Amino acid sequence: MEEQQMMAIAEAILFIAGDPVPVRSIAEVLDIDVDAAQSLMEKMLEAYALQPRGLQLIRINDAYQLVTRPEYGEYIRKFTGATKEQPLSRACLETLAIIAYNQPVTKADIEQLRGVKCDHAIAVLLEKNLIREVGRLDAPGKPKLYGTTELFLKSFGLSDINDLPPLEQQQGS
Amino acid sequence: MEEQQMMAIAEAILFIAGDPVPVRSIAEVLDIDVDAAQSLMEKMLEAYALQPRGLQLIRINDAYQLVTRPEYGEYIRKFTGATKEQPLSRACLETLAIIAYNQPVTKADIEQLRGVKCDHAIAVLLEKNLIREVGRLDAPGKPKLYGTTELFLKSFGLSDINDLPPLEQQQGS
Amino acid sequence: MGYQVRLEVFEGPLDLLLHLIAKAKINIEDISISEITAQYMDYLSQMQALDIDIASEFMVMAATLLHIKSSKLLPKPVQQSEEQEPDPQQQLIERLKQYKKYKDAGEWLHERYMVYSNMYSKLPEEVVDTAEDVKFSNVTKQDIAQTMMALLDKKNTSQQSQTVVRNIKPEPISLHERINQLAALIVRRGKVLFSQLVSRKFSRLYVVVTFLALLEMVNRGWVAVQQSRPFSDIFIQRKGLKWKNSR
């Protein structure tokens, strides 16, 4: 395959993922070896840097991510401000509730329920040690499964996960 | 502001939004009038089309959206594990064609044209959200009128309903 | 199942007629009613021989064809008035021409669909106000439950009002399969809400099959279900010995 086409495919994948994509996954999808994928991505990173665009490619350890350029933050805030800005704790609480009641659960499941990307909230919850990775789903891409931690139980005064209030009782009120 | 910079901002906004963004919102964020935003986006659409990229800009009625190029769908599915969209049955396609070209249209009209009952095809198209009820005919029995949806436009790569080729042209075969 | 015979499937009588016309390599305008009628009847009798249900539309068309054919054989009645009935053969030709247009447009749509259903979009980014710190110190387990409930509510209402983007794939699924799927899920989760089993990407058929599967599982004593009031969500929980050691 031509290099340019491979870059186009990588771009499409990074776009869909939104998250950092390990160079290994890019290699897998393109059916090339990891070194080749690595150098492809480095070239792409340079190409992106040279173009006057709204997006940029960044590298985080062995992964690449498509993000908006920081200099346009003000406009993005203007755009999203018109819709609604969510406080972080709200986003995290929703994400935590979904994980607590549905564990083990993938990020895609959480996002499906919330209708927005949840990377940030998941990162914060992981960092606070309220959730953890409990395995990987046996599906293509092997997505991570999340569950709650002991600290979660302790923090909310639960002896075990079945202590969570049943959902249907509240619905009446 | 320079045009190139405005395009970059629009790109960043489309990336953040994910969903189609009305041209009005783009105008607002850039603080320009709607016509200017419209022509900016059309220029951007062309620029995107010319570049060998993984993404493309599409217009659906008065909104713009960033999506991956159809030719890389297979790679996206490999990456996400999604399954390929099933083709629509011939009954559905014929029914959809009749609705697209004659909307708003009743079931009786469709059945008259096709010479068979169309309940099942209509139910499937409604469920797939390719068509919707747009009202009722002011006639005995008040039959439902059907029309196509935005998803129809998107699924068939049409910017608006006028993008459909004239019916006569097809007759050649 | 016995032997299988391939018989071309037609979308209706008009579709069958177009097929016969194409096979005869003639223009729609030039159809010979007696030939076409013979072939049409032949096809219907093949269907009958194979025990295929013949939709009433096919029979109606057969009657129309026979009517046209017979009226051609009969001497023309004396013209009573200028405003006589339109020529049924001409009417049929018009219908066929109209139908062909949409059949071709359908093919065009098919090609487009195969291309453009390959376009993917991304989920919106969540924009959070990072200035605010996350404090869970005064959040209780009730808050978690309430949050989850609000999410499910929101999802339900957005389901009702939403008119855009919904991708549904045909899901050929058997009751048996669905029971196995649900069992696998319940082994993992222990408890689950019915609404979680049937997210909006599923068809009505899928929901019905899921519900039947659930009833069957209740019947087998595998699960206990609770519903606090009519139309509220159904809470499903593992029950009985089936699940012992399977965790």
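Just so we're on the same page: letters track the sequence lines, and every chain starts at 1. Here the structure is a predicted model, which means the values were calculated and not measured. Side chains are part of it too, since the values below use all heavy atoms of this structure and drop only hydrogens, waters and symmetry mates.
Here the closest non-hydrogen pair linking C:Tyr116 and B:Ser155 is CB-O, 3.2 Å. Taking each heavy atom of C:Gly12 and B:Val116 in turn, the nearest pair found is CA-CG1, 3.3 Å. Across all non-hydrogen atoms, the minimal contact from B:Gly115 to C:Pro13 is O-CD, 3.6 Å. Of all non-hydrogen atoms in C:Ser121 and B:Lys154, the two that sit nearest each other are OG-NZ, 3.4 Å. The two residues C:His110 and B:Pro87 come nearest to each other via the heavy atoms CE1-CB, 3.8 Å. Listed here is the closest heavy atom pair of B:Ala97 and C:Ala105: CB-CB, 3.8 Å.
The environment of B:Asp33 atom CG is dense: over 12 non-hydrogen atoms of other residues, nucleotides or ligands sit within 6.0 angstrom. Annotation: B:Gln103, atom CD; neighbour count of heavy atoms from other residues, nucleotides and ligands within 6.0 Å is above 12. Within a 6.0 Å sphere centred on CD of C:Glu29, other residues, nucleotides and ligands contribute more than 12 heavy atoms. By the neighbour-count criterion of 12 heavy atoms within 6.0 Å, atom CZ of B:Arg24 is sparsely surrounded, having that number or fewer from other residues, nucleotides or ligands. Environment of CE in C:Met59: sparse, with no more than 12 heavy atoms of neighbouring residues, nucleotides or ligands closer than 6.0 Å. By the neighbour-count criterion of 12 heavy atoms within 6.0 Å, atom NZ of B:Lys117 is sparsely surrounded, having that number or fewer from other residues, nucleotides or ligands. Counting non-hydrogen atoms of other residues, nucleotides and ligands closer than 6.0 Å to CZ of C:Phe211 gives a total of 12 or fewer.
To the nearest 0.5 Å, atoms CG (C:Leu109) and CG (B:Leu164) are separated by 7.0 Å. Distance check: B:Cys118 SG to C:Glu11 CD gives 9.0 Å after rounding to the nearest 0.5 Å. A distance of 8.0 Å separates CD of C:Gln98 from CG of B:Leu167, quoted to the nearest 0.5 Å. Taking NZ of C:Lys103 as the start and CZ of B:Arg90 as the end, the distance is 4.5 Å to the nearest 0.5 Å. Here the OH atom belonging to C:Tyr99 is positioned 8.0 Å from the CD1 atom belonging to B:Ile98, to the nearest 0.5 angstrom.
Here the side chains of C:Arg95 and B:Gln112 are in contact, with some heavy-atom distance below 4.5 Å. You'll find the side chain of B:Asp19 reaches within 4.5 Å of the side chain of C:Pro124, heavy atoms only.
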Practice prompt. Any chance you could lay out the side-chain contact (heavy atoms from CB on, under 4.5 Å) test for B:Lys84 and C:Asn118, step after step, and finish with the verdict?
Written response: CA-CA 8 Å; B:Lys84 189 162 167 49; C:Asn118 277 321; 3.5 Å; yes

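C:Arg112 contributes a side-chain N or O that, together with a main-chain N or O of B:Gly157, makes up a donor-acceptor pair within less than 3.5 Å. Side-chain atoms of B:Arg114 never come within 3.5 Å of backbone atoms of C:Asp15 as a donor-acceptor pair (strictly under, hydrogens ignored).
Residue C:Tyr102 is tested with B:Thr95, B:Asn102, B:Ile110 for a side chain to side chain contact (heavy atoms under 4.5 Å, CB included); the sole match is B:Asn102. For the side chain to side chain contact (heavy atoms under 4.5 Å, CB included) with C:Met119, the qualifying choice from B:Gln56, B:Glu71, B:Gln65, B:Arg69 is B:Gln56, the only one to do so.
Interface remark: B:Ile76 contributes side-chain atoms only to the contact with chain C (heavy atom separation under 4.5 Å). Of the atoms belonging to B:Ala17, it is backbone heavy atoms, and not side-chain ones, that fall under 4.5 Å from chain C. Looking at B:Ile58, only its side chain comes within 4.5 Å of chain C, counting heavy atoms on both sides.
With sequence neighbours left out, B:Phe156 forms a ring pair (Phe, Tyr, Trp, His ring centres under 6.0 Å) with B:Phe152, C:Tyr113. Among residues two or more places apart in sequence or in another chain, the ring pair (Phe, Tyr, Trp, His ring centres under 6.0 Å) test is passed with B:Tyr75 by none.
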